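To keep things clear, I will list the structure first and then write my remarks on it.
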Amino acid sequence: MTRASAPSESWTLDEWFVVALARTIRDREVVFHGFGSPCAQVAMHVARQTHAREMMLIEGATYAVNPDPVFVPPTSNDLALHQDATYRMRFEEFFDAAARGAVDRMFLSGGQIDAYGNTNVTAIGDPTKPKVKLGGGGGGCNISATIRTLTLWTTRHRSGRTLVQDVDFLTDLGHRSREGTRAELGYTGRGPDWMLTELGLFDFEADGHARLRALFPDVQAEDVEKSTGFELRVALDRSLLHEPSGSELAAVRHLDPLGVRRAEFAPAELERTFAHQHGPACAC
Amino acid sequence: MTRASAPSESWTLDEWFVVALARTIRDREVVFHGFGSPCAQVAMHVARQTHAREMMLIEGATYAVNPDPVFVPPTSNDLALHQDATYRMRFEEFFDAAARGAVDRMFLSGGQIDAYGNTNVTAIGDPTKPKVKLGGGGGGCNISATIRTLTLWTTRHRSGRTLVQDVDFLTDLGHRSREGTRAELGYTGRGPDWMLTELGLFDFEADGHARLRALFPDVQAEDVEKSTGFELRVALDRSLLHEPSGSELAAVRHLDPLGVRRAEFAPAELERTFAHQHGPACAC
Amino acid sequence: MSGFHLAPDKRTSLADAVALVHDGAQVALGGGLCARLPMALVRELIRQGRRDLHLVGSAHSIDVDLLIAAGAVKVCEESYVGFEQDLGLAPAFRRAAEHGDIEARESCCVTILTQLRAAEAGVPFLPVRGVKGTDIRRLHPEYGAVTCPFTGEELVAVPPLSPDVALIHAPLGDRHGNLHLDQPYVLDERFAAASRMVVATVDRLAGTAEVADAGVVIPAHSVAAVTEVPFGAHPSSCYPGYAYDRPHLATYIAAATKGGAELADYLKRFVRAGEELYRKEIDAERLSSWSESTDAWKELFR
Amino acid sequence: MSGFHLAPDKRTSLADAVALVHDGAQVALGGGLCARLPMALVRELIRQGRRDLHLVGSAHSIDVDLLIAAGAVKVCEESYVGFEQDLGLAPAFRRAAEHGDIEARESCCVTILTQLRAAEAGVPFLPVRGVKGTDIRRLHPEYGAVTCPFTGEELVAVPPLSPDVALIHAPLGDRHGNLHLDQPYVLDERFAAASRMVVATVDRLAGTAEVADAGVVIPAHSVAAVTEVPFGAHPSSCYPGYAYDRPHLATYIAAATKGGAELADYLKRFVRAGEELYRKEIDAERLSSWSESTDAWKELFR
């Protein structure tokens, strides 16, 4: 699982990805990730050690508040994540806070994601007799409705099977489902504001539809086009994916010495390396 | 507040009263008293030290399970009551248990009590502009409905103002209210099975109406008659108020060295003394 | 951005802490009966002349009665106010309720708990098991009814209760606002989660490590202000520091029962004078003798 | 008489403890993900050939997967079953769900919590804030709808969930059944209150004073049986005793993914053999090395 990190004058895609996720967090937000999401988990700690020092970080499966992990282990309910924490929420305490709207941001991923940011973590194919049974949604089917804002991410955009026209099963709510918009459903949570993939960064337009805003420098718009199952709206602004700083990279490497974040990526993506220059990096 | 206890060959009314209350508890019952009820509080500990050693005792305002008090203090939320307890329920944990029917018996008193065992601890007179504003009902208006059985008690029967035809305000439910019987209200709690006063002991008939079953030996039926505001049904069985045993009296005196129980009685009642004989004791 | 309080240092003066409570606020009082009551905050509310408060809580005593005696209360929505069999009915509460000077909207521990839970969970109502058949419902026109979609049974429905502020006294806390309490917590955990903010006093401010070792019961993110006030729960108890001050409570009750000049004297001597003079007046050190021996402990209650 | 368990001594053999779980029982599994799972109880359920279990819980892993692999499960009503990004999808769960051998009635942490709370509070339904607009509702025809009597809003209503038994592993307990757990408690406190009984294993039985000093999280009166089984949560972690056994989990997943003879071999070697032989097989002592140094701790995860 481990691999020597690139020196700080260069960095790998997984490192940049985590930094870009971290940047979706604003200071003084209350932020949560679920289990099984090391990229988001590391990103939250990176944010808290860099630009969002007064955020409130709620650790995925332990509900510890602002812990400083010994290291990020490969399983989310582990003492290494919260050994030093002053306070751990109870299960019900966290989920109540999320349900009443006291949590500002949650990170969510999915085996499928549609243009409105709905995610499927339940099953591919007919849910009553699935082609692939996924793990399941944890608490998302309630709290995706009520947490103020969501950051979506996937590391499997290039597969072409992740960003789809229609999710086979809607586990967690994006901006609108067949039953209506968030307003129509009576939800105060605003839905996703950002979606990061290993190819680039999306935001969401006023109608709730995803829009491509930036590409990683080694990615072409056509790569995204052929990997995306829904209508691709584009309004590029390269500055939205600017290069990671030395302190951000140092934070990633310090927090995740085991490289747990890499488990989310296909092996080829882990070969992508970048250095301080504009334009695509070599894939040496 | 303190007073020398009578030697164990004789005993006072307050001691006998507490013992008689204790005897309404059956072994292996889960039993609770509210705050401000030292007679019930002492009675529960007496029961647990004598005939009901496997009862589960939940201490009034601390929700401690089976504590052994250092002594009974005059206020219910005090460390002296639960310092040694292995476990203290949370507030919500106790009230949930009571609401779902996991508690077998509660002790309840009231400024007014009617023939169906409804109690008023809210206000005498018009509740919107009361003649006397009482303290209030704590959790009774919910849990009197759901706790399996209730023991009622009053130390103010003789006043003539306590056992009344109609309560001015129904705080805690007995066997039936204006809105219907327990069955009609959908409650599984069975209501009061015993009511002890400083004059005697009542049970409840199938229609939920109180019935006098025994008198303290220094009390005449006419004393009860003139002190009771509702129809007096009588079926006496002297054995239902049999004399306290030496171990019961020892338990009362050991548990309540400050005589906190006495605060519930009018001064004249505290002069009543009994000895091992049948018939009324002298009021020497 | 959320309802949580993220400032790293919440320490402030007692005056500034209490300034967060506005006239007419819905105020939850921590502790219960005569234990761990937020008395220093109550006294400061009176010094600042706060009016029209709407008190909510379970079973309370001198905290509620003193606020009523000082004319600070409009609505009292507690499940009990009094001094149990020890010192009896609450004099100011009783008089104000009988004269119509306050609205005594008596509630029930379970109902208040359920209403706090509705606020905590972000739902617009919750059903309660009991209440039906009692007169408590007559005092609460805001209650509704709901039919169970599974059983067809009709239950009483109650709306969420989200107090503007919860006033909580703790034996120990840190500058971030982490509070340690001993059990019973009564409703304090629920108040902290359901209220917009906690305003806290602590007998002693300590380092975070010490508070974490003792156990954080109310987390910093619920707390807007914390102030160190030794004996801040007096004359109620706050173990392990000090027991219930029975003679002081009797003094208060005598004054409040008489009203008029006697009550004014009590307020002048024990409230208007401020917390520093208060501590000089009360001879509170003797209340720590409870831990010396069982006899010493009993002696405090004679 | 009540639902509480008042016997003074709940110690029993693992076999007798598990005999309290009947075929077809609704079973809540304590712990979460790959921490503090009741694995010794799970293995004994398999040894006793239990069938048609209805599992309920939040996010779980090998406990659920192994029961499914052994053919013990009919309905799986968990919010997640898997091994996160570390070891991926749960092989037996996935295969059984895809083949229709189990009913994968996926639920949500919040919904299960709410259903447990309904059982705890003795109400026949509770509303949930979310669920509407998602497909989770399609898996749950038992859900209803309720209109808020105050706002007119329609919410999803869920029925109470009162498992027949909650299987809980704790690091420490006493003979009465008092259990100490470290946080996160996950749903264990709620399971204990909402279930008919808790059947518990503990890594170590101790005196009541020691358990009380550590802190009783699950009280004796909820517990019907307690059995000492060292490493009873293995291969999940049970700190402070032992960390997650990553190589063992990988061995299990390889066997369960292949199924057939490989799975049968795993079951023979690690389940049928009994707990005493199991402990000899697993070399669990090395999992206690986590506390020696950060490097030693990290090494367990490489």
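Keep in mind that what you see is a predicted model, and the values were worked out from it rather than measured.
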Looking at every heavy atom in both C/Ala145 and D/Pro149, which two are closest together, and how far apart are they?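 Looks like O-CB, 3.5 Å.
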Nearest heavy atoms of C/Val146 and D/Thr147, plus distance in Å: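 That closest heavy-atom pairing would be CG2-O, 4.4 Å.
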[X], part contacting chain D, at a heavy-atom distance under 4.5 Å:
X: C/Ala118; value: neither
X: C/Phe125; value: both
X: C/Val110; value: neither

Are D/Phe150 and C/Pro159 packed together at the side-chain level, in the sense that at least one heavy-atom pair is separated by less than 4.5 angstrom?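 Of all side-chain heavy-atom pairs linking C/Pro159 with D/Phe150, at least one is under 4.5 Å.
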Assess whether atom NZ of D/Lys298 is packed by more than 12 heavy atoms of other residues, nucleotides or ligands within 6.0 Å.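 Atom NZ in D/Lys298 is packed in, count exceeds 12.
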Looking at D/Arg129 and C/Val123, would you say the former's side chain and the latter's main chain have a donor-acceptor pair under 3.5 Å?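 Checked: no pair found.
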